[in-house]
Amino acid sequence: MSGQTTAEDLGPVTTLATPIRLDFEFTPGVAQSRFLRGLEKGRFVGQRCPTCGKVYVPSRGSCPTDGVPTTEDVDLANVGTVTTYCVVNVPFAGQSIEIPYICAQVLLDGADISFMGLIQQIPTDEIRMGLRVEAVWVEPEELTPSLASVRYFRPSGEPDADYETYKDYL
Amino acid sequence: MSAAAAKAKRAVRRPVSIASFAQSENVRRDDQHNEVEMLMPVVAEVFANIGITKNDIDFICSGSSDYLIGGPFSFVTALDAVGVWPPMPESHTEMDGAWALYEAWVLLQEGEIDAALVYSFGRSSPGNLNEILALQLDPYYLAPLWPDPVSVAALQARALIDAGKGSEEDFAAIASRSRKDALSNPKAQVAHDIPVETLLRDEYVVSPLRRHTLPPITDGAAAMVLAAGDKAREWSDKPVWITGFDHRIETHSLGGRDLTSSPSTAKAADVAGVADGPIDVAELHAPFAHQEIILKEALGLDDGVTINPSGGALAANPIMSAGLIRIGEAAARIASGQAARAVAHATSGPCLQQNLVCVLEGE
Amino acid sequence: MPESEALHASHVLEYPYSRSVGPVIGAFLTGLRDGRLLGVRGAGGSVIVPPTEYDPATGDDTGELVEVGPGGVVESWAWVPNPLPKHPLARPFAWALIRLDGADTAMLHVVDAGGPDQVATGDRVTVHFRPAGDRIGAMADIEAFVPEGGTA
Ligand SMILES: [Zn+2]
């Protein structure tokens, strides 16, 4: 118990670092794999509920309303409508896009659920609900089964969608 | 509170029946389905068994752990397997589905609801179970050493041998019998007829535990429908009733308890009234073979009781579901007329730390 | 891979937690850093090691800290012939529940004993700390327990 004089200078131990690293082999399942394989081909693939007819993109394999498997694949349009959005002005660790930028919920034509996308090629003060947008994909040789295949959405040039067409998807 | 008062307080106030039970295939690795896809057929089957739909259900309770797949809030997305619209009352336990069953049973006791869906799901295969289960231990003194579940169970097995309560031959005999019984269980993952002498030639994984004393690593899911009041009779001609139910926990400190006995199981068995009548069948959640010896003693089961006719957790150990499956298997023995009164047990935590006891009876 | 099969991806989760340890666990960890083993006196006078803020038997607050060890008795053990990557030792070792001299409960750690025939229930072992400069106030400050008399 000798030679501990320096320990007293350190003061009592008040915290304990408990670093944990866990490795997983993840599967998105059958339905989401079809969506991801669609992205690799440069298109959006949804699935239709056999009970209520709604089209989910991506589908997790079930209709969350009816609890039944979604088995019918549906090819969706490359264009859609901004149902809601936000403008990100706050820098955070790992941010890969220059601020300010627009994050929006995009309802693809033919889908019954919106998903989150980056909106570019429009000034942040011009973003609005109902804006019609189209997906811009990476170069064909860069396509992967990942949402990284979609670079962003940009205005499609079409007139804004009528509120009535997307009010049920907010 | 005296023991008698505690018992009276927990006495069954309202009969609840196990109206339906279903389980998935139990497999070493289901790498094709996400949690929703794994669960959906099981939920569909548990409803179809008795010709009902989700609209007949008043409450949902699930058991699962997000650590297993490393995906946060997977119990929320899992609800897509049921389709909770219009919005339904729902709860979740970060425990085996047997504890979700207990929560649903308590709510049914209150008389507010008449039917509940309980389900559980878990995949051991996406991650490293040895590391994930180490994280359920004390985070200051134990988890930093990464004791894996086999090592921790081996300490218990050694203590049992030292106490003269069991031998490696006894452990092998339990494993041999369980996996032989599993030959008649279509859901078993590991089923074979191998004599004790052959098993004892297995290598030690962590001594004194040889390969055959360990549970298989299993992906799977299970679901159950509980019913009370008119629905219990409506959904079954011969209901299987829960006549006693309790669960208890002990300290997490492995060195602070006697690993060769299970006072929490004994206490739960007392409150659940296991000894109030003869037991024909016991389905015990003993993932490691030696734990059956400890549980048998704690539950006061004599040699006339048939233990784990399904093969138990040694035949299939779907994490988060293996306890609920014990209750489903025990109920099936009563429903088929093979047993009049059964006890089912579920465990959680290292070395039988938490234990749940459920008494089932036909009529 | 056929189109009908599900995709797979490797996925890493890291939890870089730093925990507040409080006065009792903190005292034990400070002791480890100083090369000492501490227990705490429980409600009935028993000594709990490693120490907790409460007596697990009664739930009462625990009292004074008590130095225990450095030797102790193996109460149970399990031999690991093939250590896993995160185990404390890379060579075969024994997990052991060790009741330190002066303690009434056992603590879990490893015994570096050379082989399974070198360790038995009831054996006396003694703590082997890492060098003072390497200790940080954590269970890993104990490199291992070793058979008393130093056979390993
Ligand atoms: Zn639907």
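For the numbers below, each heavy atom of this structure counts, side chains included, while hydrogens, waters and symmetry mates do not. All chains are named by letter (A, B, ...) in the order of the sequence lines, taking the proteins before the strands, and each is independently numbered beginning at 1.
Residue L160(B) does not touch chain C at all, counting heavy-atom pairs closer than 4.5 Å. Only the backbone of V205(B) comes within contact range of chain C, judged by heavy atoms closer than 4.5 Å. Contact annotation for A96(C): only backbone heavy atoms (N, CA, C, O) come within less than 4.5 Å of a heavy atom of chain B. Interface remark: P116(C) contributes no atoms to any contact with chain B (heavy atom separation under 4.5 Å). Of the two parts of H87(C), the backbone and the side chain both hold a non-hydrogen atom closer than 4.5 Å to a non-hydrogen atom of chain B. Heavy atoms of E131(B) lying under 4.5 Å from chain C belong exclusively to its side chain. Interface residue P51(C): backbone and side-chain heavy atoms are both found under 4.5 Å from chain B. For Y54(C), the part lying under 4.5 angstrom from a heavy atom of chain B is the side chain only. Heavy atoms of H33(B) lying under 4.5 Å from chain C are absent altogether.
Comparing L29(C), V49(C), L13(C) by heavy-atom pairs within less than 4.5 Å of chain B, the highest count is held by L13(C). Contact tally against chain B (heavy-atom pairs below 4.5 Å) for P81(C), P56(C), S10(C), P92(C): the top residue is P81(C). By number of non-hydrogen pairs under 4.5 angstrom with chain C, the leading residue of A153(B), P144(B), P147(B) is P147(B). Annotation: maximal heavy-atom pairing with chain C below 4.5 Å, among N130(B), T251(B), D148(B), occurs at D148(B). When each of L84(C), T121(C), V21(C), I25(C) is scored by its heavy-atom pairs under 4.5 Å with chain B, the top score falls to I25(C). Most heavy-atom pairs under 4.5 Å with chain C: of the set A157(B), G127(B), G255(B), this distinction falls to G255(B). Taking E75(C), H11(C), M107(C) one by one and counting their heavy-atom pairs under 4.5 Å with chain B, the maximum is reached by H11(C).
In this structure, P139(B) and Y17(C) have side chains that are not in contact, with every pair of non-hydrogen atoms separated by 4.5 Å or more. Taking 4.5 Å as the limit, some side-chain heavy atom of H8(C) sits within range of a side-chain heavy atom of Q32(B). Proximity of L155(B) to L108(C): side-chain heavy atoms (C-beta onward) are separated by under 4.5 Å at one or more points.
The OG atom of S151(B) lies 6.0 Å from the CZ atom of F93(C); values are rounded to the nearest 0.5 Å. The distance from atom CH2 of W95(C) to atom CG of L145(B), rounded to the nearest 0.5 Å, is 5.5 Å. One finds the OH atom of Y141(B) at 7.5 Å from the OG1 atom of T52(C) (value rounded to the nearest 0.5 Å).
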message = Would L259(B) and L97(C) count as a side chain to side chain contact (heavy atoms under 4.5 Å, CB included) here? Give the steps.
response = CA-CA 11 Å; L259(B) 297 178; L97(C) 286 166; 3.6 Å; yes
Y140(B) vs F28(C), ring pair (Phe, Tyr, Trp, His ring centres under 6.0 Å): CA-CA, chis, key distance, verdict = CA-CA 10 Å; Y140(B) 307 99; F28(C) 179 78; over 10 Å; no
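When all heavy atoms are compared, the tightest approach of A159(B) to S76(C) is N-OG, 3.4 Å. When all heavy atoms of W77(C) and R158(B) are compared, the closest pair comes out as O-NE, 2.9 Å.
Heavy atoms from other residues, nucleotides or ligands lying under 6.0 Å from CZ of R124(C) number more than 12.
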